[in-house]
J.: 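I am attaching a structure below and will ask some questions about it afterwards.
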Amino acid sequence: MNKTYTLITGASSGLGSAFALCCARLKMNLILIALPGSAIKRTGEELRRLYGVEVHIFEFDLTSNEAFETHVGIIKASFAVNFLINNAGMGGTVPMLDCSPQVIDKIIRLNISCTALLTRELLPQLLRHEKSYVLNIASMAAFSPIAYKTVYPASKAFVSSFSLGLREEMQHEGLSVSVACPGPIMTNSNTSQRILLQGYKGRLGLVSTMDLANRIVRQTLAGRAVIVPGWWNRMNQKLMGIIPSTIKVRLISGVIKRELQLTH
Ligand SMILES: NC(=O)C1=CN([C@@H]2O[C@H](COP(=O)(O)OP(=O)(O)OC[C@H]3O[C@@H](n4cnc5c(N)ncnc54)[C@H](OP(=O)(O)O)[C@@H]3O)[C@@H](O)[C@H]2O)C=CC1
Ligand SMILES: N[C@@H](C=O)C(=O)O
């Protein structure tokens with residue numbers, strides 16, 4: 001039987017490395033993408049040794065057009081990808097006037113362009129399998145505009161809309177597309193500090209990173225369209241579907257504004 005591979009972007013830390021561990025435990029061969037200079041090679045060796053799976057590492061900046069074209073070209077030509085996890089993403093909390101145009105561009109490229117383009121590039125490979133999966137990582141932030149984050153929630157609304165549109169288009173093709181909308185996750189130190197500044201409301205939605213990865217992968221393989229882990233987050237999702245946008249943006253932004261203490 002031909003070997004199949006799960007490709008995970010942003011796999012060197014945070015949720016991405018938890019996905020790598022979860023998928024290795026499920027005996028999936030892995031292709032891990034991360035920025036150069038992380039500890040991803042060591043992670044790869046550990047996963048090979050512990051779980052006996054193949055792990056191929058690609059270290060490049062997904063937002064560089066040239067690097068993207070070169071590395072994705074190699075991946076397409078060499079590996080039969082049947083599960084794509086678009087996890088790499090960036091955000092932050094900063095007033096619009098203090099946010100550099102470069103950062104805005106990077107968020108849009110990584111969260112929006114790379115998600116759509118990598119999916120498009122790998123679609124022919126994915127469709128060669130009887131059953132294949134795409135998992136896109138959005139956020140609870142996809143459910144409402146948020147002041148002081150502005151570009152990030154807008155980018156995650158794109159990820160959500162893109163995923164559900166593609167899911168509909170692929171429904172008879174054997175490709176199941178899911179979008180995960182996690183609440184706060186204690187991953188890198190900046191994000192963790194900001195979550196603590198939100199107070200008890202931020203902490204109520206917390207799910208441990210490994211638990212989150214396991215739940216999201218399980219539900220993706222079960223074919224679920226929208227994955228919102230955690231009871232508090234699911235309740236918030238329902239509320240956000242009912243509350244008018246002008247009211248919810250004010251309520252959520254009030255909580256998020258506390259994160260500005262980190263930089264101001
Ligand atoms: N943390 C949270 O509270 C939440 C996160 N999310 C989403 O979950 C996903 C993972 O988040 P999280 O684990 O916190 O993120 P982290 O910042 O902890 O990790 C992001 C990963 O992506 C990699 N990465 C970043 N930029 C690039 C790039 N240009 N090219 C290649 N790889 C890159 C990072 O590499 P390196 O380590 O080398 O920088 C790292 O491996 C994101 O899409 C995020 O938006 C959703 C809801 C809440
Ligand atoms: N990862 C994002 C969390 O919601 C952020 O950095 O804001």
Side-chain angles (χ1 to χ4, degrees), residues 7-22 31-44 57-68 70-72 75 85-93 102-103 105-115 117-118 135-144 146 149 151-160 162-163 179-198 202-210 212-213 216-217 226-230 232-233 236-237 252 255-256 259:
L7 188 158
I8 305 169
T9 65
S12 59
S13 59
L15 188 57
S17 67
F19 281 136
L21 179 55
C22 168
I31 301 166
L32 306 180
I33 298 179
L35 284 169
S38 70
I40 191 134
K41 285 202 179 104
R42 239 190 355 260
T43 307
I57 307 286
F58 288 82
E59 290 182 286
F60 67 99
D61 184 343
L62 279 158
T63 66
S64 150
N65 290 341
E66 215 180 29
F68 183 95
T70 307
H71 289 96
V72 175
I75 292 168
I85 304 183
N86 282 306
N87 164 76
M90 60 179 281
T93 304
Q102 290 78 8
V103 168
D105 186 47
K106 196 96 176 166
I107 297 174
I108 292 172
R109 276 169 184 257
L110 187 62
N111 299 8
I112 296 182
S113 305
C114 292
T115 299
L117 294 176
L118 188 58
L135 164 61
N136 293 325
I137 307 303
S139 163
M140 286 290 291
F143 300 136
S144 173
I146 308 174
K149 294 183 88 68
V151 180
Y152 178 77
S155 75
K156 293 301 187 179
F158 171 92
V159 173
S160 172
F162 170 74
S163 306
V179 59
C181 301
I185 324 164
M186 295 285 202
T187 52
N188 63 68
S189 75
N190 179 277
T191 302
S192 304
Q193 286 178 63
R194 283 192 280 111
I195 291 168
L196 293 176
L197 285 171
Q198 288 177 18
R203 263 165 267 166
L204 276 172
L206 278 176
V207 180
S208 87
T209 313
M210 201 57 231
L212 202 62
I216 292 173
V217 167
V226 181
I227 302 165
V228 181
W232 174 257
N233 299 323
N236 269 333
Q237 177 200 12
I252 299 168
V255 177
I256 293 298
E259 296 184 13

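The basis for the numbers below is simple: all heavy atoms, side chains too, and nothing from hydrogens, waters or symmetry mates. Both counts, for ligands and for their atoms, begin at 1 and track the order of listing. Positions are given from 1, in the same order as the sequence printed here.
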J.: In ligand 1, which numbered atoms sit nearer than 4.0 Å to a non-hydrogen atom of Asp61?
T.: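 With Asp61 as reference, the close atoms of ligand 1 come out as 28 (C), 29 (N), 30 (N).
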
J.: Once side chain to side chain donor-acceptor pair (under 3.5 Å) is applied, do any residues pair with Gln193, and if so which ones, sequence neighbours excluded?
T.: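 Scan of Gln193 (side chain to side chain donor-acceptor pair (under 3.5 Å), adjacent residues dropped) gives none.
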
J.: Less than 3.5 Å between some nitrogen or oxygen of Leu62 and one of ligand 1, yes or no?
T.: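 It does: an N or O of Leu62 is found under 3.5 Å from an N or O of ligand 1.
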
J.: So, using side chain to side chain donor-acceptor pair (under 3.5 Å) as the criterion, who are the partners of Thr187 when residues are at least two apart?
T.: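 Result, side chain to side chain donor-acceptor pair (under 3.5 Å) vs Thr187: none returned.
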
J.: Please work out, at 4.0 Å between heavy atoms, whether the side chain, the backbone, both, or neither of Met186 comes within that distance of ligand 1.
T.: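 Neither; nothing of Met186 gets under 4.0 Å from ligand 1.
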
J.: Is the side chain of Thr9 donor-acceptor paired with the backbone N or O of Ala88 at a distance under 3.5 Å, no angle test?
T.: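 Checked: pair present.
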
J.: If the cut-off is 4.0 Å to any non-hydrogen atom of Pro184, which atoms of ligand 1 fall inside it?
T.: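 Taking each heavy atom of Pro184 in turn, ligand 1 has 3 (O) under 4.0 Å.
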
J.: For Thr191, take its heavy atoms, then give the atoms of ligand 1 lying under 4.0 Å from any of them.
T.: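 Within the 4.0 Å cut-off of Thr191, ligand 1 contributes 1 (N), 2 (C), 3 (O).
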
J.: Salt bridge check, Arg109 against Asp61: does any charged N sit closer than 4.0 Å to a carboxylate O?
T.: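 Not counted as a salt bridge, because no side-chain N and carboxylate O are separated by less than 4.0 Å.
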
J.: Nearest heavy atom to atom 43 (O) of ligand 1 wins, so pick from Asn87, Thr209, Thr187, Ile137.
T.: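 Looking at heavy atoms only, the winner is Asn87.
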
J.: For ligand 1, which atoms, with element, lie under 4.0 Å from some heavy atom of Tyr152?
T.: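 Those of ligand 1 that fall under 4.0 Å from Tyr152 are 6 (N), 7 (C), 44 (C), 45 (O), 46 (C), 47 (C).
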
J.: Counting N and O atoms only, with roles assigned by atom type, does the side chain of Asn87 sit under 3.5 Å from a partner on the main chain of Ile8, one being a donor and the other an acceptor?
T.: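 No: the side chain of Asn87 does not pair with the backbone of Ile8.
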
J.: Does any N or O of ligand 1 fall below 3.5 Å from an N or O anywhere on Ile185, backbone included?
T.: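 Between Ile185 and ligand 1 (N or O atoms, distance only) the closest approach is under 3.5 Å.
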
J.: Mark up the atoms of ligand 1 that fall under 4.0 Å of a heavy atom belonging to Ala138, in ascending order.
T.: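 Once the distances to Ala138 are compared, the set is 7 (C), 46 (C).
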
J.: Can you list the ligand 1 atoms lying under 4.0 Å from a non-hydrogen atom of Phe60?
T.: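 Every atom of ligand 1 under 4.0 Å from some heavy atom of Phe60: 30 (N), 31 (C).
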
J.: Under 3.5 Å, side chain of Asn111 to main-chain N/O of Gly89, donor-acceptor pair present?
T.: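 Not at all, since once roles are kept as given, no pair shorter than 3.5 Å links the two residues.
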
J.: With heavy atoms of Ser13 as the reference, note each atom of ligand 1 found under 4.0 Å away.
T.: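 In order of number, 18 (O), 19 (O), 37 (O), 40 (C), 41 (O).
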
J.: Set out, in order, the CA-CA distance, both residues' side-chain angles and the distance that settles side-chain hydrogen bond (donor to acceptor under 3.5 Å, both in side chains) for Asn136 and Ser163, then state yes or no.
T.: CA-CA 7 Å; Asn136 293 325; Ser163 306; 3.0 Å; yes

J.: Going by distance only, is there an N or O of Ala34 that falls short of 3.5 Å from an N or O of ligand 1?
T.: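 No, there is no polar N/O contact under 3.5 Å.
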
J.: What do we get for Ser12 next to ligand 1 when only non-hydrogen atoms under 4.0 Å count, side chain, backbone, both or neither?
T.: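 Near ligand 1, Ser12 shows its backbone as well as its side chain.
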
